[in-house]
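I have placed the structure first, in the form of structure tokens, so that the comments after it can refer back to it.
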Amino acid sequence: MTEPSKLPHHGVPEHQPVAGGIAARARAAAGAPQYLNGLNPEQREAVETLDGPVLVLAGAGTGKTRVLTTRIAHILSQGRARPQEILSVTFTNKAAREMKLRLGQMLGQAVEGMPWLGTFHSIGGRILRIHAELVQLKSNFTVLDVDDQVRLLKQLLQAENIDDKRWPARMLAGLIDSWKNRGLSPSQVPAGEAASFGNGKGGKIYATYQERLKILNAADFGDLLLENIRLFRENPDVLRQYQNRFKFILVDEYQDTNVAQYLWLRLLSQAPSRPGRSLADVIPGDITSPAIPGRLEESNPESSGEADSSRDSGSALSAHPGMTEDAAAPLKNICCVGDDDQSIYGWRGAEVDNILRFDHDFPGAKVIRLERNYRSTGHILAAASHLIAHNEGRLGKTLRTEDVDGEKVTVTGSWDSEEEARAIGEELEELQRAGENLNDVAILVRASFQMREFEDRFVTLGLPYRVIGGPRFYERAEIRDALAYLRTINSPADDLAFERIVNVPKRGLGDATVQLLHDHARKRRIPLFEAARAVVETDELKPKARGSLRDLVMQFDRWRAQREVTSHTELAEIVLDESGYTEMWQKDRSADAAGRLDNLKELVRSMEEFENLQGFLEHISLVMDRDGEAGDEAVSLMTLHSAKGLEFDNVFLPGWEEGLFPSQRTLDEQGRAGLEEERRLAHVGLTRARRRAKIYFATNRRIHGTWSTTIPSRFLDELPAHNVEITESKGGSGWGGSGGYGASRFDNLESFGSSYSTPGWQRAQANRNRGGGGRSGGGFEERQSSFSSDNFNRTKRGPMVIEGELVAKSTGTTSEFSLDDRVFHQKFGYGHVVKVDGNKLTIAFEKAGEKKVVDSFVERA
DNA sequence: TGGACGAGCGTTTTT
DNA sequence: CGCTCGTCCA
């Protein structure tokens, strides 16, 4: 369930009365600090080293979260700081929630007095709201999602007459995002890069975009940090206020921080400058000043070449003061926890260098390594350690366990990906027969297209599964639409919101009308909504559109008035109802309409946990997510990326082939740095396993419709032979297992090519610059949710997921379906039964073709 | 304004 | 191959 209520709802101003309970209770326990019991010596040191900068290198499964939460408890119990004086940042809401939970357990009560425990973005956003006017915003500014961003950029590109075929808005959005990740405001973007987009106009559009955001009273995700940095730099007094407030800073997953986050942390972690001292003494904001020796110049031999490309080209880092200032500005008590071996978000702007250079950046830092692993058995840990040891750019840790050796990691080759899925399916059934809990089983893939085959297989077998990942709750179209209505009510200047719903549901207000509104708005410098109000009074629109628009304006006026007298949840219901939005989905006959209606209900329900509409909107885009639902027993299917931080007894790792894993594209684009990141991904995959890790590779795989022959991943060769067992594929065609050791141990399984220098996976198409940083939605849904009595969980567009109970598949029950019955299936849609075999049906689907499906997954249509 | 059809594309995605 | 997006037409 979503638990936004657990997160602070509003900016906590200067002197918020704090739940006295926490500190008091913690201190009461101080006599016998029980929370220290059970910590190993390193963990204990990490908890007790309170002064000065500390870097905790916490390998996988070494008790990272425990250290972090215990450290907070310790700070409180020692009376070193009050809860509101501790800044504790995570990357995800889930991690923040987890910390609050554990802290609550440790201290024996819910943590309400920790207003500054949250994600980078939510904390940045909170600070920004408090001082919004200093960055030309109002405190009720809107946080734009990617979609809004792209639409806004599209408009700007059009205004500049830039061909959006050649220069897609998405691409620019990605570019701007990466600039922001590097802490670069428009004027700081290196000229070459600024000119690289849109015939040299990229940088200019970035600047215009920022201006437009102010007019719209909006900020994008990147701004939550970047504008925060600007706020601090331009207002030393404000910065000082926060430097004074935060006595302790804790950072989770430090290896994932980007440059902007690093800069932000650095500003906050410096001891407050004396009032009256000029800002320049502490933070030379002059970007043109020569780079100070430090991070850049002393480039680390391991990570030279590739890392520099992203760095020297003008990240704000190169201009950042770095260490020279440190003597003047001593560092506070900052504790960063992370694992360089689990840095897998480099492509998204994370700087592994942040953690690799921690002791440079924070001189005198104490580095504590947590190397005792409490998760995996010996063979698994040895395999993972040996693999990751092939990376050069790392700080180096040696994980060890006191656990038994356990089972060896298995490597299984199959003829093709279908056989791979079949083999894994059979192993799953075996585990199931052996009484393993399916919740403790995961299949971790490199790329989401790999999931399809598994889904197909599981559906056929009647094996319950859930897919983790995909678009978040608030990214769903219906949620954004609903939010757009509420945003328009809350903030009439929010043109993007108004534009989004002006014709949803269809009101006959098409492009022409919107264009007209835009013209009006621009001429008079008023928001779209006000333009609409004005235009309605003229005869510029056709009578039909005019009437329709007038109705809409009147509706909004009414809703705004109602806001005064109605609760925000009721208001939301009224709006969704009166606008016809709910009706639109009720009338929709597509498979996922019901799911969307459910989502809308869920949205309204979640509003209850906020005080008012304003509070709800302020946090919704940052904290709304839905992971956390356990649901019924089911195998988890997810990407390696989304598996970080999780653990399972049994982990299946299919698709270890050159080109797929490591991904050819990453290799092409990032060179050795890319390879190392892929290897870290492999390491993350292996270390998710507690008891069994099973790796697979296929000799043939269909990519984009065509079959190609693949060769086993180089990572397989990097596994220590001693901890690995090569097994026969249970899929049956006799692959794998011959076990000789040639150039590659896996090469002599007959006909694979044997040299990595000639990868079988040649990417045929020349890799010309592709359009667009992100893919266009193409994925799947977050197809996870509780599984209710009807055996389905409905979500919106995209393939549906089925989470069935393990259907009584071996009971000789006859199906209640018979030949030619017309049925509906959540994933495949409509079809009719062509064959019945016990409770297994063969169904010819209208769209998906013929499939074998267990009967409880379909309903009569 | 929606349906039909072709072009183009095709990793990973914490906020 | 299969999806999504955009365009064009009824």
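The sequence lines fix the lettering, A, B, ..., with proteins before strands; numbering per chain opens at 1.
- Nearest nucleotide to the side chain of A:Lys165, out of C:dT7, B:dT14, B:dT12: C:dT7.
- Once the 5.5 Å centre distance and the 30° plane angle are applied, the aromatic ring of A:Tyr345 is found not to be stacked with the base of B:dT13.
- Listed by chain and number, the residues in a ring-ring contact (aromatic ring centres under 6.0 Å, His included) with A:Tyr696 amount to none (sequence neighbours excluded).
- Following rounding to the nearest Å, A:Asp145 (CG) and B:dT14 (C1') show an atom-to-atom distance of 16 Å.
- When distances are taken from the side chain of A:Ser448 to each of B:dT15, B:dT12, B:dG2, the shortest belongs to B:dT12.
- Applying the salt bridge (charged side-chain N to carboxylate O under 4.0 Å, His left out) rule to A:Asp148 yields the partners A:Arg151, A:Arg487; only residues at least two apart in sequence or on another chain are considered.
- Distance A:His704 NE2 to B:dG10 P: 7 Å, rounded to the nearest Å.
- Between A:Thr90 and the phosphate of B:dT14, there is no side-chain N or O to OP1/OP2 separation shorter than 4.0 Å.
- Across all strands shown, A:Gly645 has no heavy atoms under 4.0 Å from either base or sugar-phosphate atoms.
- Rounded to an integer number of Å, the gap from CZ of A:Arg170 to P of B:dG8 is 19 Å.
- Of the side-chain N and O atoms in A:Arg507, none sit less than 4.0 angstrom from OP1 or OP2 of B:dT1.
- The phosphate of B:dT13 has OP1 or OP2 within less than 4.0 Å of a side-chain N or O from A:Ser642.
- For A:Phe221 and A:Leu667, each mapped to the nucleotide of DNA chain B holding its nearest heavy atom, the one lying further toward the 5' end belongs to A:Leu667.
- Put simply, CG on A:Asp668 is 15 Å from C1' on B:dG10, counting in whole angstrom units.
- Across C:dC3 and B:dT14, the matching C1' atoms stand 26 Å from one another, rounded to whole Å.
- If you measure from atom NE2 of A:His121 to atom C1' of B:dT14, you get 8 Å, rounded to the nearest angstrom.
- Residue A:Gln450 is classed as having no contact, given no heavy-atom separation below 4.0 Å to the nucleic acid.
- The only option from A:Glu453, A:Glu418, A:Glu420 that meets the side-chain hydrogen bond (donor to acceptor under 3.5 Å, both in side chains) definition with A:Arg701 turns out to be A:Glu420.
- Counting only heavy atoms from C-beta on, A:Leu622 has its side chain closest to B:dT15 among B:dG10, C:dC3, B:dT15.
- Where A:Phe91 and A:Leu681 each meet DNA chain B at their nearest nucleotide, the meeting point lying more 5' is that of A:Leu681.
- Within the cation-pi definition used here (under 6.0 Å to the ring centroid, within 45° of the axis), A:Arg446 does not qualify as a partner of A:Trp656.
- The CZ atom of A:Phe449 sits 14 Å away from the C1' atom of C:dC3 (whole-angstrom rounding).
- Between A:His641 and A:Tyr345, the ring centre distance stays below 6.0 Å.
- When distances run from any side-chain atom of A:Arg702 to the nucleotides B:dT14, B:dG10, C:dC1, the shortest one goes to C:dC1.
- Closest of all the heavy-atom pairs between A:Ala477 and A:Tyr581 is O-OH, 4.1 Å.
- Atom CD in A:Glu676 sits roughly 22 Å away from atom P in B:dT12 (whole-Å rounding).
- Judged by atom type and distance alone, A:Arg348 reaches the base of B:dT15 through a side-chain donor-acceptor pair under 3.5 Å.
- Proximity note for A:Trp347 (side chain, C-beta onward) versus B:dT13, B:dG10, C:dC3: the nearest is B:dT13.
- Taking side-chain N and O atoms only, A:Asn93 has no distance below 4.0 Å to OP1 or OP2 of B:dT14.
- Spacing between atom NZ of A:Lys506 and atom P of B:dT1 amounts to 6 Å, rounded to whole angstrom units.
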